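Below: the structure, in structure tokens.
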Number of protein chains: 2
Amino acid sequence: MGRFTTDHTKKLTSSFRFFILIPLPLIAMSSSSSPPVTIHTINPKVLECEYVVRGDMVMQAQRLQQELQAKPGSHPFDEILYCNIGNPQSFGQQPITFFREVLALCDHPSILDRSETQRLFSADSIRRAQQILDLIPGKATGAYSHTQGVKGLRDQIAVAIEARDGFPADPNDIFLTSPAIHMMLQLLIRSENDGVLCPVPHYPLYSASIALHGGALVPYYLDEAKGWGLEISELQKQLKEAQSNGITVRALVVINPGNPTGQVLAEDNQRGIVEFCKKENLVLIADEVYQENVYVDEKKFHSFKKVSRSMGYGEDDIALVSFQSVSKGYCGECGKRGGYMEVTGFSADVREQIYKVASVNLCSNISGQILTSLVMNPPKAGDESYESYMAEKNEILSSLARRAKMLEDAFNSLEGITCNKAEGALYVFPRLHLPQKAIDAAKALKKAPDAFYVSRLLEATGIVVLPGSGFGQVPGTWHFRCSILPQEEKIPAVVSRLAAFHEAFMAEFHD
Amino acid sequence: MGRFTTDHTKKLTSSFRFFILIPLPLIAMSSSSSPPVTIHTINPKVLECEYVVRGDMVMQAQRLQQELQAKPGSHPFDEILYCNIGNPQSFGQQPITFFREVLALCDHPSILDRSETQRLFSADSIRRAQQILDLIPGKATGAYSHTQGVKGLRDQIAVAIEARDGFPADPNDIFLTSPAIHMMLQLLIRSENDGVLCPVPHYPLYSASIALHGGALVPYYLDEAKGWGLEISELQKQLKEAQSNGITVRALVVINPGNPTGQVLAEDNQRGIVEFCKKENLVLIADEVYQENVYVDEKKFHSFKKVSRSMGYGEDDIALVSFQSVSKGYCGECGKRGGYMEVTGFSADVREQIYKVASVNLCSNISGQILTSLVMNPPKAGDESYESYMAEKNEILSSLARRAKMLEDAFNSLEGITCNKAEGALYVFPRLHLPQKAIDAAKALKKAPDAFYVSRLLEATGIVVLPGSGFGQVPGTWHFRCSILPQEEKIPAVVSRLAAFHEAFMAEFHD
């Protein structure tokens with residue numbers, strides 16, 4: 001992952017280089033006895049790729065969980081709290097009833113006409129399932145769909161985007177797909193000389209995907225002192241530096257609301273970003289999967305599509321990709337693998353190539369497609385399910401807001417930790433001000449200081465958070481990402497475990 | 001796609017090369033007015049990639065379908081028959097009731113305890129859904145699972161593989177995943193000097209994926225005269241030739257039963273293939289997604305895992321990857337995007353890298369994971385659903401066998417067409433013996449002769465089949481792939497439309 005490459009990877013990469021330089025007869029001799037694939041003979045881009053969200057900390061947590069199962073009481077905690085990932089339902093968040101009713105009926109449509117079904121399911125879920133089945137050719141929920149997803153579902157999503165933004169949306173611009181990030185980066189990256197501007201810190205799927213496609217991650221730093229602010233001058237500076245190093249910068253990634261940083265961009269800032277992309281001729285890749293997750297009254301989510309259209313920029317003026325997902329928001333349906341990307345401002349021949357790459361994956365799963373259409377078109381006032389839907393949604397979002405605030409306050413109350421406001425998304429990213437002795441102890445173990453801290457935290461409390469070094473950070477600063485997802489009633493206990501660990505840690509390594 | 005590159009792609013690639021040679025000041029001048037992404041500035045590997053299954057013929061068919069909808073009677077047929085793809089439920093094949101019952105209950109578990117549910121669902125589907133929910137941590141079907149898939153489901157699948165093969169299977173070798181082909185090729189291909197032996201003809205997902213990962217497709221030709229036989233001498237010859245051209249061949253792809261060719265390998269032949277991979281130190285990539293689709297008594301499916309273990313080769317002797325999918329077989333659940341790969345014979349450090357690449361996609365959709373476990377563990381004798389399940393399954397498989405035979409016989413009855421036995425999978429791949437005048441007419445239109453033929457067939461009959469040139473074939477021979485999926489009662493009409501077209505075509509171009 002570019003400049004975040006670890007020592008371990010560097011070592012492997014250089015062994016690989018060494019390997020291909022050994023004399024040919026030696027290779028021939030060993031060819032039948034050595035296995036066909038070794039760590040030295042796999043694609044070096046795979047070795048380069050790092051993905052902390054599912055990395056060492058999760059392995060360590062799984063080991064502890066097995067030990068707890070095998071020998072209850074073997075650790076000073078009785079459960080592992082997976083705050084490493086935005087996976088709401090793993091913490092017991094319940095799915096939205098209406099959505100699951102419709103999905104179940106679409107999976108098993110032969111019960112739609114039975115009288116028992118009317119007693120088990122809401123009337124509008126039955127009606128909605130019938131409507132959706134009518135949109136699917138032959139009502140065949142088990143068939144491959146159009147490469148971009150069922151046309152009728154994309155029609156509904158386009159209408160919902162129009163309602164959200166106040167500007168037209170075209171169903172032909174919508175790709176119902178899950179690995180959308182990979183698809184766009186695969187399109188843009190031709191060689192190690194093609195770069196993509198990414199925020200630091202950032203969701204490491206971007207660095208992992210850039211590494212797998214062999215491109216260059218061009219970092220721009222969010223300003224922690226200004227609430228993880230995104231400064232246009234920083235974009236400009238990093239762009240020029242990359243260009244002077246021979247990098248062709250092709251796109252700018254903006255994550256709004258921010259992951260892992262939780263900030264929500266002001267509309268004025270967004271306009272500056274659009275201008276920058278326009279002026280520098282960059283594709284604007286807008287990761288907007290947390291658009292429903294805004295917790296403060298003074299900030300609102302605005303899509304980059306809406307902002308650019310309201311500036312008067314149309315289809316021919318700016319190339320824009322927006323991601324949305326059913327995994328986040330109030331819905332939290334990570335296991336359904338549903339989402340869409342809206343692709344505007346590309347020429348017809350480039351669009352054909354995007355379509356072709358999408359078609360190699362045939363289509364995304366139909367339940368995920370249906371769920372995406374439901375998230376974008378939930379029950380409306382007057383529908384039988386409307387009140388229960390709104391109650392479920394509001395309970396989840398208001399609880400998330402309370403949890404974000406509780407964690408933010410808790411971290412700020414600890415000596416040696418500062419935490420920016422959790423305005424949105426599902427995480428806080430507090431900064432660790434570590435004593436030199438802790439930094440030295442980490443170095444002795446060949447660990448980044450924040451990786452050392454979070455590993456000790458896990459061993460002591462069962463709480464899994466991720467080191468800032470996996471997300472990128474200003475060199476010499478240390479952070480961790482913690483999801484805000486533990487059940488609300490458990491947060492006081494989580495906070496007191498965290499505080500007790502932190503105080504003991506700071507005491508142990510006091511300068 | 002390596003040596004199958006079309007003229008169109010070559011042209012675009014050379015324009016790309018030209019583009020980067022134009023003087024720098026010109027680029028600088030045009031940088032703010034030209035769009036950030038053009039067909040000349042996308043990843044050339046994307047341009048190289050071809051995927052006929054969703055290519056020109058499908059575009060042409062969609063256009064005709066729109067014309068028929070807008071103006072009924074505007075063509076000499078009233079529906080489009082999509083024989084281009086193995087998509088059973090798009091032809092009205094019904095899903096297996098038990099599978100859909102379980103999926104619906106897992107989607108909406110809150111109805112499990114209701115009395116109405118017992119009247120709507122079979123008792124064993126309710127029991128199975130409860131068992132499956134107990135395997136999922138927190139019963140959370142909306143949560144991300146373990147990267148390789150829910151452990152409990154993998155346990156069940158491993159038991160089923162053991163029962164199928166008579167040899168142990170390890171749940172840790174199983175990855176519940178949909179883009180398994182991409183993942184393995186991404187691991188193996190380092191540069192354009194790494195090659196993968198693929199059958200010709202072959203399912204073009206392999207050539208598309210090799211092109212996207214920048215490797216070399218090393219073709220080996222199946223022997224049409226011997227029922228699409230796979231000769232070890234041909235593997236040996238092509239391997240040596242590739243090696244003498246500086247290609248490091250890393251893996252052998254075998255598709256059994258064959259796609260698009262429909263043959264089923266004899267066990268003795270499979271042993272020869274295993275020996276070849278062992279001797280030449282190649283990863284054996286076994287595409288076994290049609291393992292349930294065998295239609296002739298004299299052939300049986302044997303997994304390569306079973307064959308290699310029965311030869312005495314264990315985990316340390318051969319690197320083997322096997323693909324299975326819920327999209328094919330009698331189940332035909334293409335829209336669910338479920339399947340697994342079983343990965344054996346790789347060292348622990350390479351396995352870690354496979355895991356890491358899988359983890360970048362987080363996990364496959366949970367409904368697809370559940371369905372995969374159901375396909376591998378269907379109802380058993382004594383279960384309430386067993387009889388209806390077996391009746392549904394047998395009806396589908398026996399009808400597919402009858403349809404395969406009807407189409408094979410129909411093609412063989414036509415002058416100028418020969419068709420090998422349809423032993424398995426979902427396709428026939430008849431050979432066209434075209435008159436020179438037809439070949440000349442195609443050339444005048446800059447089309448491959450088989451592409452010309454299938455395009456004319458579509459315009460005349462509404463039947464979508466794919467040209468052999470999209471799958472690879474011996475130069476100078478012409479074929480098309482036709483799925484065996486049209487409804488059985490429609491096949492006589494399909495055959496007579498095909499025959500009438502073919503006779504008219506041959507008469508038109510008679511030498």
Side-chain angles (χ1 to χ4, degrees), chain A residues 31-32 35-39 42-44 46 49 51 54 87 89-90 92 95 100-101 103-104 107-108 111 114 116-117 119-120 138 140-145 147 179 186-187 189-190 205 208 281-283 319 332-337 346-347 349-350 353 356-357 359-361 365-368, chain B residues 31-32 35-39 42-44 46 49 51 54 87 89-90 92 95 100-101 103-104 107-108 111 114 116-117 119-120 138 140-145 147 179 186-187 189-190 205 208 281-283 319 332-337 346-347 349-350 353 356-357 359-361 365-368:
Chain A
S31 78
S32 60
V37 187
T38 72
I39 197 79
I42 69 168
N43 180 355
V46 168
C49 161
Y51 190 51
R54 293 245 162 164
N87 194 9
Q89 294 190 27
S90 73
R100 291 303 191 97
E101 286 180 316
L103 289 181
D107 265 344
H108 193 39
I111 63 170
R114 298 277 296 270
E116 293 91 343
T117 303
R119 292 198 292 278
L120 278 180
T141 53
Y144 293 124
S145 72
T147 289
Q186 182 159 50
L187 185 86
I189 295 172
R190 295 160 297 184
L205 187 52
N281 212 27
L282 302 177
V283 177
E333 292 276 18
C334 303
K336 295 295 176 187
R337 315 309 287 125
F346 291 83
S347 60
D349 52 3
V350 173
Q353 299 295 320
K356 187 177 69 180
V357 173
S359 79
V360 175
N361 291 313
N365 87 85
I366 305 293
S367 293
Chain B
S31 77
S32 61
V37 187
T38 72
I39 196 79
I42 68 167
N43 180 354
V46 168
C49 161
Y51 190 51
R54 294 246 161 162
N87 195 8
Q89 295 191 27
S90 73
R100 291 302 193 97
E101 286 180 316
L103 288 181
D107 265 345
H108 193 39
I111 63 170
R114 298 278 295 271
E116 294 91 342
T117 303
R119 292 198 293 279
L120 279 180
T141 53
Y144 294 123
S145 72
T147 288
Q186 182 159 50
L187 184 87
I189 295 173
R190 294 162 297 184
L205 187 52
N281 212 26
L282 302 177
V283 177
E333 293 275 18
C334 303
K336 295 295 176 187
R337 318 308 286 126
F346 292 83
S347 60
D349 52 3
V350 173
Q353 299 294 321
K356 186 177 69 181
V357 173
S359 79
V360 175
N361 291 312
N365 86 85
I366 305 293
S367 294

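In what follows, chains carry the letters A, B, and so on, assigned in the order in which the sequence lines appear, proteins first and then strands, with residues in each chain numbered from 1. What you are looking at is a predicted structure, and each value in this text was computed from that prediction instead of being measured.
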Drop me the distance from Leu120(B)'s CG to Arg119(A)'s CZ, to the nearest 0.5 angstrom.
->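 One finds 8.5 Å between CG of Leu120(B) and CZ of Arg119(A).
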Would you mind reporting whether [Y] and [X] have side-chain heavy atoms less than 4.5 Å apart?
X	Y	result
Leu282(B)	Pro36(A)	no
Gln186(A)	Val46(B)	yes
His108(A)	Leu103(B)	no
Ser347(B)	Thr38(A)	no

Taking side chain as everything from C-beta outward and backbone as N, CA, C, O, which of these in [X] sits under 4.5 Å from a heavy atom of chain B? Side chain, backbone, both or neither.
X	result
Leu205(A)	side chain
Phe346(A)	side chain
Val283(A)	both
Ser145(A)	backbone

Indicate the atoms forming the closest heavy-atom contact of Asn43(A) with Arg190(B), along with that distance.
->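 Minimum heavy-atom contact is CA-CG, 3.5 Å.
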For residues Cys334(A) and Ala143(B), report the shortest heavy-atom separation together with the two atoms involved.
->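 Smallest interatomic distance, heavy atoms only, reads CB-C, 4.2 Å.
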Is it the backbone or the side chain of Val357(B) that comes under 4.5 Å from a heavy atom of chain A, or both, or neither?
->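 Contact with chain A is through the side chain of Val357(B) alone.
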Give the member of [options] that has the highest number of heavy-atom pairs under 4.5 Å with chain B.
options	answer
Val350(A), Leu187(A), Asp107(A)	Asp107(A)
Gly368(A), Ala104(A), Pro95(A), Gly92(A)	Ala104(A)
Gly142(A), Ala319(A), Ser90(A)	Gly142(A)

Residues forming a side-chain hydrogen bond (donor to acceptor under 3.5 Å, both in side chains) with Asn87(A), sequence neighbours excluded |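 For Asn87(A) there are no side-chain hydrogen bond (donor to acceptor under 3.5 Å, both in side chains) partners, ignoring immediate neighbours.
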CA sep, side-chain torsions, deciding dist, call: Val360(A), Cys49(B), side-chain contact (heavy atoms from CB on, under 4.5 Å) | CA-CA 9 Å; Val360(A) 175; Cys49(B) 161; 3.9 Å; yes
Quick one: which of Gln89(B), Glu333(B), Arg100(B), Lys336(B) gives a side chain to side chain donor-acceptor pair (under 3.5 Å) with Thr141(A)?
->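 Looking at Gln89(B), Glu333(B), Arg100(B), Lys336(B), the match for Thr141(A) under the side chain to side chain donor-acceptor pair (under 3.5 Å) is Arg100(B).
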